[in-house]
Amino acid sequence: DAGVIQSPRHEVTEMGQEVTLRCKPISGHNSLFWYRQTMMRGLELLIYFNNNVPIDDSGMPEDRFSAKMPNASFSTLKIQPSEPRDSAVYFCASSPTVKRNTIYFGEGSWLTVV
Amino acid sequence: AQKITQTQPGMFVQEKEAVTLDCTYDTSDPSYGLFWYKQPSSGEMIFLIYQGSYDQQNATEGRYSLNFQKARKSANLVISASQLGDSAMYFCAMRGNQAGTALIFGKGTTLSVSS
């Protein structure tokens, strides 16, 4: 079975540009998570969805960030406009929505904003 | 609120030796799960081991075992017979046992294994 698929794997963009990160969760997983990893702040939960519905977006840093999950097999994380401090690795992860189940991560999208 | 604390920024161990990576946690949830992930230099997050708060026995997965001490709120990872390929960042994480909750991570510990 395919794992969590993220695209792009690497992106370099100029400050002010819009960035869209994409994620396809593991088939059958009902929960989807977006995390951000930086050296300074470690792994931070940005937002997560259960059955395509956003449950907790308190980790979204500011209004420049938005996330959607239009269906069970696709999610996007958008940054508009991007800033250099948004440079990080963005992980998408998914999990079955049952107890005692772990969360499986994609390979990450490495974003550099110059 | 949940919190994970990993106090060791870096650990060094010789090949074939055992090493313990520390993790303490805080939560008000009566039921929760504790996880360890490995992140090698290539960047992917690899699930290693899981411990449920009501599990009677400590979890083991091959060379990995979790030393769970509920009263002390600790969930240390023990790696036996270290290998060079174990060099990586290790993250402790917690998740409430209500369906569909998120993982909260510690800051991580960098493990370096030398020959």
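Chain naming here is simple, since letters A, B, ... match the order of the sequence lines and numbering starts at 1 in each.
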### Query
What distance separates B/M89 CE from A/L43 CG, expressed to the nearest 0.5 Å?
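Between B/M89 CE and A/L43 CG, I get 9.0 Å after rounding to 0.5 Å.
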
Common cluster, [X]/[Y], ILVMFWY with side-chain heavy-atom separation under 4.5 Å:
| X | Y | answer |
| --- | --- | --- |
| A/I5 | A/Y90 | no |
| B/L84 | B/Y64 | yes |
| A/I47 | A/V19 | yes |

### Task
With a 4.5 angstrom heavy-atom cut-off, could you sort out which part of A/Q37 is near chain B: side chain, backbone, both or neither?
side chain

### Which atom of B/A102 lies closest to which atom of A/L45, heavy atoms considered
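Residues B/A102 and A/L45, closest heavy atoms: CB-CD2, 3.3 Å.
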
Within 6.0 angstrom of [X] [atom1], more than 12 heavy atoms from elsewhere:
| X | atom1 | value |
| --- | --- | --- |
| A/E14 | CD | no |
| A/E107 | CD | no |
| A/R9 | CZ | yes |
| B/Q57 | CD | no |
| A/N71 | CG | yes |
| B/K70 | NZ | yes |

### Task
Side chain from CB out, backbone as N, CA, C, O: work out which of these in B/Y32 comes under 4.5 Å of a heavy atom of chain A, or both, or neither.
neither

## Note on the structure
Whatever's closer than 4.5 Å to a heavy atom in chain A on B/Q6 counts as neither

### Query
chain A contacts: which residues in residues 105-115 of chain B have a non-hydrogen atom closer than 4.5 Å to it?
B/F105, B/K107

### Task
Check step by step if side-chain contact (heavy atoms from CB on, under 4.5 Å) holds for B/F35 and A/I103.
CA-CA 10 Å; B/F35 302 78; A/I103 294 176; over 6 Å; no

Please output the side-chain donor-acceptor pairs of residues 41-49 of chain B that fall under 3.5 Å, not counting sequence neighbours, one pair per line with the distance.
unit_1	atom_1	unit_2	atom_2	d
B/S42	OG	B/E44	OE1	2.3
B/S42	OG	B/E44	OE2	3.4

### Message
Is any side-chain heavy atom of B/L103 closer than 4.5 Å to one of A/F33?
### Response
no

### Query
Strictly by modelled atom types, are A/S95 and B/R95 linked by a side-chain donor-acceptor pair under 3.5 Å?
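Yes, B/R95 and A/S95 have a side-chain donor paired with an acceptor closer than 3.5 Å.
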
